[in-house]
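These notes concern the structure reproduced below.
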Amino acid sequence: MLGFWDQEFEYPPAALREILVNAIAHRDYSSPSPIYVRIHDDRLEVENPGGLLELGVEELKKPHRSVVRNPKIGEVLYYLGYV
């Protein structure tokens with residue numbers, strides 16, 4: 001029997017971790033809505049309360065500075081080695 005990390009994943013585990021870390025770090029915690037992770041046949045969707053801070057979608061495609069909505073959470077994630 002294969003262990004969890006020995007199996008083949010449709011999405012690279014490092015990419016999934018990055019998506020979830022970003023959802024946690026950039027979430028708007030004043031909203032009662034949760035972070036949703038939806039797995040479809042053709043895609044993975046992650047929805048998190050809170051819009052973009054200071055940047056538009058096109059700006060995200062270019063080099064840009066990171067704007068963290070929750071600096072304390074970002075700091076903890078950084079020291080844990082997730083950022």
Side-chain angles (χ1 to χ4, degrees):
M1 184 168 142
L2 291 175
F4 181 77
W5 294 110
D6 297 322
Q7 59 188 314
E8 190 172 318
F9 291 92
E10 186 169 348
Y11 299 100
L16 294 173
R17 183 179 75 180
E18 177 76 11
I19 290 166
L20 295 175
V21 165
N22 281 332
I24 292 165
H26 296 292
R27 183 186 193 285
D28 179 357
Y29 286 94
S30 67
S31 170
S33 183
I35 295 171
Y36 290 100
V37 177
R38 295 182 183 93
I39 301 172
H40 301 272
D41 290 337
D42 61 340
R43 69 191 181 282
L44 172 78
E45 293 180 358
V46 177
E47 180 183 337
N48 121 18
L52 295 172
L53 290 175
E54 300 180 20
L55 299 171
V57 173
E58 290 304 314
E59 293 171 299
L60 288 174
K61 297 177 183 178
K62 304 172 187 171
H64 61 276
R65 68 181 187 88
S66 178
V67 179
V68 180
R69 183 183 308 269
N70 304 294
K72 294 291 185 191
I73 293 172
E75 184 178 16
V76 168
L77 292 168
Y78 173 81
Y79 285 119
L80 288 172
Y82 293 122
V83 176

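If you read the sequence from its start, that first residue is 1, and numbering goes on from there. Just the heavy atoms: all of them, side chains too, but no hydrogens, waters or symmetry mates, feed the values below.
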### Query
side chain to side chain contact (heavy atoms under 4.5 Å, CB included) between Lys72 and Val76: does it pass, once the steps are laid out?
CA-CA 6 Å; Lys72 294 291 185 191; Val76 168; 5.8 Å; no
### Message
Could you walk me through whether Glu45 and His40 satisfy the side chain to side chain contact (heavy atoms under 4.5 Å, CB included) test, starting with their C-alpha distance in whole Å, then the side-chain angles of each, then the deciding distance to 0.1 Å, before giving a yes or no?
### Response
CA-CA 8 Å; Glu45 293 180 358; His40 301 272; 3.6 Å; yes
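By the 4.5 Å heavy-atom criterion applied to side chains, Leu44 and Leu16 are counted as neighbours. A 4.5 Å side-chain heavy-atom check between Val68 and Val83 finds every atom pair outside the cut-off. Counting heavy atoms from C-beta on, the side chains of Asn70 and His26 never come closer than 4.5 Å. Under the 4.5 Å side-chain criterion, counting only non-hydrogen atoms from C-beta, Arg69 is not in contact with Arg27. Looking at Arg17 and Val21, their side chains come closer than 4.5 Å, going by heavy atoms from C-beta outward.
In Asp42, the CG atom is crowded: over 12 heavy atoms of neighbouring residues, nucleotides or ligands sit closer than 6.0 Å. The environment of OH in Tyr78 is sparse: at most 12 heavy-atom neighbours from other residues, nucleotides or ligands sit within 6.0 Å. Counting heavy-atom neighbours within 6.0 Å of Tyr11 OH, excluding the residue itself, gives a total above 12.
When the side chains of ILVMFWY residues are joined at heavy-atom separations under 4.5 Å, either directly or via intervening members, Tyr36 and Ile24 end up in two distinct hydrophobic clusters.
Residue Val37 is tested with Leu20, Ile19, Asn48 for a side-chain contact (heavy atoms from CB on, under 4.5 Å); the sole match is Leu20.
Note on Lys61 versus Glu59: no salt bridge recorded, every NZ/NE/NH1/NH2 to OD/OE distance being 4.0 Å or above.
Between Val46 and Ala23, the closest heavy-atom pair is CG1-CB, 4.0 Å. Ser33 approaches Pro49 most closely through the heavy-atom pair O-CG, 3.0 Å.
Rounding to the nearest 0.5 Å gives a distance of 10.5 Å between CD of Glu75 and CG of Leu80.
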